[in-house]
Amino acid sequence: MANPGPASGLAITEHRLANGLRVVLSEDHLTPVTAVCLWYDVGSRHEVKGRTGLAHLFEHLMFQGSANVSNNGHFELVQGAGGSLNGTTSFERTNYFETMPAHQLELALWLEADRMGSLLAALDDTSMENQRDVVKNERRQRYDNVPYGTAFEKLTALSFPADHPYHHTPIGSMADLDAATLEDARAFFRTYYAPNNAVLSIVGDLDPEQTIAWVEKYFGSIPGHDGKQPPRDGTLPATMDGESRELIREDVPSRALMAAYRLPHDGTRQADAADLALTILGSGESSRLYNRLVRRDRTAVAAGFGLLRLSGAPSLGWLDVKAGAGATIEQIEAAVDEELARFAAEGPTAEELERAQAQIEREWLDRLTTVAGRADELCRYAVLFGDPKLVNNALAKVLDVTAEEVREVAAARLRPDNRAVLVYEPTPDDSNDDDSSENEEAAA
Amino acid sequence: MSDTPAQYVPAMDFHPQPQPGTPTPWAFPAPERLTLANGLTVLHCHRPGQQLVAVDMVLDAPLAAEPEGLDGVASILSRALSEGTDTLTAEQFAAELERAGATLDTHADHPALRVSLEVPASRLERGLTLLGDALRVPALPAEEIERLVANRLDEIVHEQANPARRAAKALYASLFAESDRLSRPRAGSTDSVKRIDRDAVKAFYDAHLRPSTATAVVVGDLTGIDLAALLESTLGRWSGESREPSAHGPVTADDTGRVVIVDRPGSVQTQLLIGRIGPDRHDPAWAAQVLGTYCLGGTLTSRLDRVLREEKGYTYGVRAFAQPLRSAADGSGRGLLAISGSVDTESTAPALQDTWTILRTLAAEGLTDAEREEAVQFLVGVAPLKYETAGSVAATLADQVEQYLPDTYQAEFYRQLTELDTDAATRAVVAAFPPDRLVTVLVGDASVIAEPIKALGIGDVTVIAN
């Protein structure tokens, strides 16, 4: 496993401004680029009933200008400087990032500071109405207008109880997007967008003293505040109270079996063991489920497991099987259950464990190969686990997990009574004439 | 609604917008070449710090070489290359790749069949051995090929249900003559794929895969690696008789302005794909066209999204782009020019109306110097970032090879971009997107969108079933 490279140790320094902003730096002069990443400790789990999707809608508004930046000026200035940028919203955080040619780093810091301190000077109804429409079209494009597009939302809702902060996904519902007001957005900013609720990481071709001086200059005068309420409690029992299941009849191309298993929280050794279990069972073309369902039984065209790592609620192990022509869900489900039971009883072979660890190592190298990837990971460890330096032990921890630990987590968690199941049955082709009412009825 | 932003007085200290420092010079990396004893051409490029090494193979097996009625055989061959060798079963081969921390991706496209290996530098020899064996002695087992054929047949059903894929299929079918391989799906249709068996795949392998017409591009941190010796002992073991490289026919298309609606009842959005063909990278105006096309639809501050997204909210984003389809050394190749995105169903006709207005205004008034300047700054400035990883450098070098371009092409492209004036960019983009020579494909609910589209006057409207 000896593999020198970024994974074996980033040089990391940490700083904290008087207003509470945490700053993480990591120097690397190989390429003349520098990544800036800002994580705000707010995600869809902080949203309240009737306002799902607000954190993500708000993320869009952060690109609509601030006191010294025109509407869309953020995009124009960064791209005009040869940089790339974006923002994303998840259950647990909202991130904003710019990767700049190294000599344009100061501009990115100025821009991020301007909107952190003065967004409300520019935020108005025009931006709000426009971005509401954009986000609704984002929802249509990514979820509502593609086959199986709402599976993630449906399975998440089945996996967490109705009043749980993770019951809804970051995109939110159309009704709630319609209901959000400008005052909601302002209140959201005042509550969550503060230097003491953020971590700023800067990675790449930089001068640390100069960089910290710039951070102090631009961010130092933004007042911190303590208006933030903690998210609603996400505590749940380690396992689900029996299986829940929903059958969807929709105009999809083939049958599908999807399931979410409740798994340990991100940051624990058991979560790493679960990652290895899911990799062995369902990642890539040498995995057990691929070999069984796609190669041998030939009941599926695709079969895999993914891990949705969550730190404020139990993680989810995500099963996705698309049936081949003629195969039934019963056949597929019986084979999946048989493979999971066998794995729970016998655990991985030494060779399977080695393979899974090599895959995870490669994925880790891949993530750390760019300055932007490193900046995001540093923020992640700082925000979710309190210490960016944990990044340097992350891979070693996965490689340290034993076969018996992998078997144990599979035996305890990858069980039919610890999952939510979504089954897709295609409607016949000739049902297209009146499909809207049919869809609603079937999905109810 | 009467709230104004002015009532919020930010409490922070403001400073003037900072000025940039001194840029560090950067150039697209220049590869070195060598030829192995078996005739395989190698391009290699040392990128310090890039621990994931990328190896991109360009194999001279263009889709136009597929036997008549067997569309998809190149794709099935590409997928079958990782289904075992003379000493490893399909399952064992997949396991060995993963044990090396490697990934192997294959793709059969119009210019060539591509195989891409990514592997940590520490396991490069193992990765190259597996890649070499996949090319040299693939088992091409009959039962796995039967499965790959069945999977492809299922995949076609999924593609048909995906609005973006469905739109691409309809555009290619409309633009190109039926006799041109470009008109038909790259991985084959239900009828052609059904006919593919082990014999067809093996015959295609025998006819087209050989080292003398292949190129390997190797990029990454190659510190301490004797690359020539390592390649000789891995990819160098592949043998095959020498043959003339493939010739590529010229590309022609019918771009009479017209609309094809693929009916998808109940769609909440309409997928748009508006296209025609134009120059490929051999054309001297390519850099100007990239620049002008970026100003038209490269980002959310470009002309299209400035209106369709940021003013009207019709879409999550619409992009204009150019992409080479099939190139030839004599410059007779062409690329696809297109505008793509999706809009909510009700906004379909208004969005197209605005698109045509934007194109006409562009033709009448041209780009501004400020637009050109910002676009050049972005396209040139973002290059070090775009080419930070070994995989992105390798892919671009491999594209150059399959498009018959010199190794210095990309570096020269960036030099040209910085020297272009606004008129050149305007001329190129206006020539690329003439409003009366565009084929518009819409995948959406015809019962709602067809009538308003007919009223736009952008060409005859045909509705086809999904």
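These numbers were taken from a predicted model, which means no experiment stands behind them. Per chain, numbering begins at 1; letters A, B, ... match sequence-line order.
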Discussion item. Under a 4.0 Å threshold between the charged nitrogen and the carboxylate oxygen, would A:Arg374 count as salt-bridged to A:Asp28?
Written reply: yes
Okay, B:Arg152 and chain A: the region with an atom under 4.5 Å from a heavy atom over there is neither
Scored by heavy-atom pairs under 4.5 Å with chain A, the best of B:Arg147, B:Glu388, B:Lys312, B:Glu118 is B:Arg147
Residues passing the side-chain hydrogen bond (donor to acceptor under 3.5 Å, both in side chains) test with A:Arg298, sequence neighbours excluded, are none
Greatest number of non-hydrogen atom pairs under 4.5 angstrom with chain B, of A:Ile360, A:Asn145, A:Val134, falls to A:Asn145
Side chain to side chain contact (heavy atoms under 4.5 Å, CB included) filter on B:Thr89, not counting sequence neighbours, yields B:Glu91, B:Gln92
When the 4.5 angstrom heavy-atom criterion is applied to B:Gln269 and chain A, the contacting part is both
Honestly, the part of A:Arg142 sitting under 4.5 Å from a heavy atom of chain B is side chain
For this session: Find out whether A:Thr34 and A:Val371 are in side-chain contact, i.e. whether some heavy atom of one side chain is under 4.5 Å from a heavy atom of the other.
Result: no
Most heavy-atom pairs under 4.5 Å with chain B, out of A:Ala372, A:Ser221, A:Ser283, A:Gly80, belong to A:Ser221
So, the part of A:Asn68 with a heavy atom under 4.5 Å from chain B: the answer is side chain
Applying a strict 4.5 Å limit to non-hydrogen atoms, the region of A:Thr181 in contact with chain B is neither
Most heavy-atom pairs under 4.5 Å with chain B, out of A:Pro101, A:Ala302, A:Ser254, A:Gly284, belong to A:Ser254
Cut-off 4.5 Å, heavy atoms of chain A, and the answer for B:Glu144 is both
Does A:Arg292 reach the side chain of A:Thr299, with side-chain heavy atoms less than 4.5 Å apart?
-> no
Under 4.5 Å to a heavy atom of chain B? For A:Leu77 that would be side chain
Most contact-rich option vs chain A, by heavy-atom pairs under 4.5 angstrom, among B:Asn151, B:Val343, B:Leu300, B:Thr103, is B:Leu300
Cut-off 4.5 Å, heavy atoms of chain B, and the answer for A:Glu352 is neither
Worksheet item: Are side-chain N/O atoms of A:Gln141 and B:Ser342 paired as donor and acceptor at under 3.5 Å?
Response: yes
The interface call for B:Ala102 against chain A, heavy-atom contacts under 4.5 Å, is backbone
- Message: Could you check, using the six-membered ring where one of them is a Trp, whether B:Phe378 and B:Tyr294 have ring centers closer than 6.0 angstrom?
- Response: yes
To the nearest 0.5 Å, atom CD of B:Gln51 lies from atom OG of B:Ser122 at 7.5 Å
In short, A:Ala327 meets A:Arg255 closest at the heavy-atom pair O-NH1, 2.8 Å
Requested in this report: Run the salt-bridge test on B:Glu143 and A:Arg295 with the 4.0 Å N-O cut-off and return the result as yes or no.
Outcome: no
Under 4.5 Å to a heavy atom of chain B? For A:Glu363 that would be neither
Is B:Arg309 salt-bridged to A:Asp133, cutoff N-O under 4.0 Å? no
Can you confirm whether B:Arg165 is buried at CZ, in the sense that more than 12 heavy atoms of other residues, nucleotides or ligands lie under 6.0 Å from that atom?
no
- Aromatic rings B:Trp26 and B:Tyr387: how do their planes relate, parallel, tilted or perpendicular, breaks at 30° and 60°? parallel
Per-residue tally against chain B (heavy atom, under 4.5 Å) across A:Leu111, A:Asn130, A:Leu119 peaks at A:Asn130
Answer key: most heavy-atom pairs under 4.5 Å with chain A among B:Thr389, B:Val376, B:Val380, B:Thr299 is B:Thr299
query: Under a 4.0 Å N-O cut-off, is there an ion pair linking B:Arg306 with A:Glu76?
result: yes
In terms of heavy-atom pairs under 4.5 Å with chain A, the winner among B:Asp13, B:Leu97, B:Asn162, B:Thr24 is B:Asp13
Output yes when A:Glu361 and B:Arg123 qualify as a salt bridge under the 4.0 Å nitrogen-oxygen rule, no when they do not.
yes
Note, A:Leu206 side chain near A:Trp214 side chain (heavy atom, < 4.5 Å):
no
Okay, A:Val294 and chain B: the region with an atom under 4.5 Å from a heavy atom over there is both
Under 4.5 Å to a heavy atom of chain B? For A:Val33 that would be side chain
Ring-face cation contact, A:Phe63 with A:Arg115, 6.0 Å cut, 45° max
yes
If one checks every heavy atom of A:Ser118 against chain B at 4.5 Å, the contacting part turns out to be both
Could you please spell out the steps behind the salt bridge (Lys or Arg N to Asp or Glu O under 4.0 Å) verdict for A:Lys322 and B:Glu155?
CA-CA 10 Å; A:Lys322 301 284 179 353; B:Glu155 183 184 86; over 6 Å; no
The interface call for B:Leu385 against chain A, heavy-atom contacts under 4.5 Å, is both
So, the part of A:Tyr290 with a heavy atom under 4.5 Å from chain B: the answer is side chain
The interface call for A:Tyr218 against chain B, heavy-atom contacts under 4.5 Å, is both
Scored by heavy-atom pairs under 4.5 Å with chain B, the best of A:Ala81, A:Ser66, A:Pro223, A:Ser84 is A:Ser84
If one checks every heavy atom of A:Asn19 against chain B at 4.5 Å, the contacting part turns out to be neither
Honestly, the part of A:Ala356 sitting under 4.5 Å from a heavy atom of chain B is neither
With chain A, the option among B:Glu159, B:Glu96, B:Gln19, B:Glu83 that has the most non-hydrogen atom pairs under 4.5 Å is B:Glu83
Scored by heavy-atom pairs under 4.5 Å with chain A, the best of B:Gln17, B:Lys386, B:Glu373 is B:Gln17
The interface call for B:Pro163 against chain A, heavy-atom contacts under 4.5 Å, is side chain
If one checks every heavy atom of A:Ile222 against chain B at 4.5 Å, the contacting part turns out to be both
